[in-house]
Amino acid sequence: MIGKSAHPTGVLRANQVGGAEGAVPGSRPDEPASPAWALALLSWFEGHRRDLPWRRDPTPYHVLVSELMLQQTRVDTVVPYYERFLRRFPDFAHLAAASEEEVLRLWTGLGYYSRARHLWQAARQVVARYGGNLPPDRGVLLSLPGVGPYTAGAILSIAFNRPAAAVDGNTARVAGRLLALDATTARGHRELADRIEAAVPPGRARDFTQALMELGALVCLPPPQAPDCGRCPLAAWCLWCKSPQDRSSTGAAGARQPKPGPRVVPRAVLVVACGNRVLVRRRPSRGLLAGMWEFPGTDVREDGPRAAALRTALDLGIALGLGIAGGLGVGQNCGHLGSAEVDLQGPAVHYAHTFSHLRWEVDVYWAKLPPAPGILESTGMEGGAGPPTVLWLRAADLASQVPLPAAFRPVAAFARSLVEGGAPPGG
DNA sequence: TATCCGTGGCC
DNA sequence: TGGCCAAGGAT
């Protein structure tokens with residue numbers, strides 16, 4: 001993205017852009033003038049801004065929700081999630097009154113699920129401490145869970161129209177090229193934020209922040225694509241555009257260290273069906289897919305996926321209070337959980353799912369339990385207080401009942417076919 | 001400072 | 001098909 005070394009002459013020339021020659025008179029004599037490129041950028045934005053749902057009424061709540069959703073996530077992906085979320089939770093009060101479970105469910109498929117929990121907690125703080133009105137205070141914003149320097153700057157500028165820099169990936173690339181600054185270092189990042197903040201045209205912070213990001217998204221593209229300098233409103237001032245011989249230091253990708261591939265984690269997953277219902281459980285509240293639901297399963301150790309599936313079945317029998325009988329164990333396919341006979345089949349499905357740092361190789365086993373009195377009423381791995389961590393749910397509406405990560409979609413599809421079609425495929 | 005956290009689109 | 005990455009934040 002941004003190279004490691006500074007432009008050899010960039011600082012001096014960039015300073016001249018903001019100086020007397022290229023400057024525009026400020027609104028007051030004692031205010032530093034905005035550079036000419038800042039006004040050119042605003043003019044361009046007026047003719048090229050996309051109609052995005054969170055731009056129609058940029059309240060603090062709308063901006064907070066959209067910025068949390070947009071962290072490391074593409075605009076096209078976010079739009080339907082944002083609209084659904086706003087229909088269900090139109091303001092801080094509605095979101096604060098909801099359950100964490102429902103917030104997670106609306107976030108299902110969007111990824112980075114800690115963002116959903118943070119947003120929910122932030123809404124509760126805003127209601128509890130500020131009466132449902134977010135104050136335009138950087139310190140307060142930074143105290144909200146999930147809000148860092150970028151998001152705080154985005155809320156201050158977009159929602160409150162305050163002159164604050166919001167340096168994200170797009171802005172760092174655009175302004176980094178324009179001013180020949182390397183935003184990959186902490187020092188360069190700080191200098192970039194200072195320069196951007198000083199460049200905000202008076203009263204135009206809202207549009208200025210969005211214009212920088214918009215230019216990065218539509219024109220000043222990252223590698224491996226190339227910036228379309230012919231359509232860029234800042235080409236006349238841009239040091240990257242004017243110095244083709246020196247682009248390696250301000251816009252091209254630097255030499256990257258070869259990154260090791262994701263760690264492979266074999267995993268045995270179990271679909272346990274009874275009638276038209278299947279068994280799901282909640283994941284731990286920390287770590288990967290924290291608080292989301294899953295089909296029960298476990299990482300495969302040295303003794304293979306079938307043994308792992310059988311161990312999971314045993315754990316489930318204990319969790320459900322069914323008791324264990326009949327010698328269900330490693331190396332066998334069947335046994336008894338209480339009065340219910342378990343006949344473990346499979347693997348019926350094999351698939352892979354890659355996360356950022358690990359790759360699940362999933363073998364899906366299955367078992368159909370005959371209807372037995374008491375089985376479907378058994379929930380709760382804790383066996384007492386607290387929310388249930390094991391539930392029987394109708395296979396047809398799994399997704400509408402619990403937050404099920406995308407990683408388990410193939411399992412859910414298999415579970416439906418198992419319940420609806422009788423004899424399942426594979427096995 | 002480096003690593004972890006999800007997903008889908010892209011070539 | 002596989003590796004890369006995107007409107008970052010928390011630890």
With heavy atoms under 4.0 Å as the rule, sort [X] into base, sugar-phosphate or nothing.
{"X": "A/Ala407", "result": "sugar-phosphate"}
{"X": "A/Leu119", "result": "nothing"}
{"X": "A/Thr73", "result": "base"}
{"X": "A/Pro224", "result": "nothing"}
{"X": "A/Trp107", "result": "nothing"}
{"X": "A/Leu68", "result": "nothing"}
{"X": "A/Arg263", "result": "nothing"}
{"X": "A/Val78", "result": "nothing"}
{"X": "A/Gly109", "result": "sugar-phosphate"}
{"X": "A/Thr354", "result": "base"}

Among [options], the nucleotide that comes nearest once only the side chain of [X] is considered:
{"X": "A/Asp168", "options": "B/dG9, C/dG8, B/dT7", "value": "C/dG8"}
{"X": "A/Tyr112", "options": "C/dG8, B/dG9, B/dT7", "value": "C/dG8"}
{"X": "A/Ala406", "options": "B/dG9, C/dG8, B/dT7", "value": "B/dT7"}
{"X": "A/Arg74", "options": "B/dG6, B/dG8, C/dG9", "value": "B/dG8"}

*Mapping A/Glu214 and A/Arg286 onto DNA chain C by nearest heavy atom, which one lands closer to the 5' end?*
A/Glu214

*Side chains of A/Pro403 and A/Trp107: does their closest heavy-atom pair fall under 4.5 Å?*
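SC-SC contact between A/Pro403 and A/Trp107 ruled out.
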
*Flag the pair A/Leu310 / A/Tyr365 as yes when at least one side-chain heavy-atom distance between them is below 4.5 Å, and no otherwise.*
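No, side chains not in contact.
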
*Using a cut-off of 6.0 Å, state whether more than 12 heavy atoms not belonging to A/Arg49 lie near its atom CZ.*
yes

*asked:* Would you compute the distance between atom CD of A/Glu197 and atom CZ of A/Phe208 and round it to the nearest 0.5 angstrom?
replied: 10.5 Å

*Select from A/Ala186 and A/His353 the residue whose nearest nucleotide in DNA chain B is closer to the 5' end of that strand.*
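Result: A/Ala186.
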
*Measure from NZ or CZ of A/Arg124 to the centre of the six-membered ring of A/Trp120 and say whether it is under 6.0 Å with the direction within 45° of the ring axis.*
yes

*asked:* Please confirm whether the shortest side-chain N or O distance from A/Tyr113 to OP1 or OP2 of B/dT7 is below 4.0 Å.
replied: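 The answer is yes; a side-chain N or O of A/Tyr113 sits under 4.0 Å from OP1 or OP2.
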
*Check whether any side-chain nitrogen or oxygen of A/Arg409 sits under 4.0 Å from OP1 or OP2 of B/dG8, and answer yes or no.*
yes

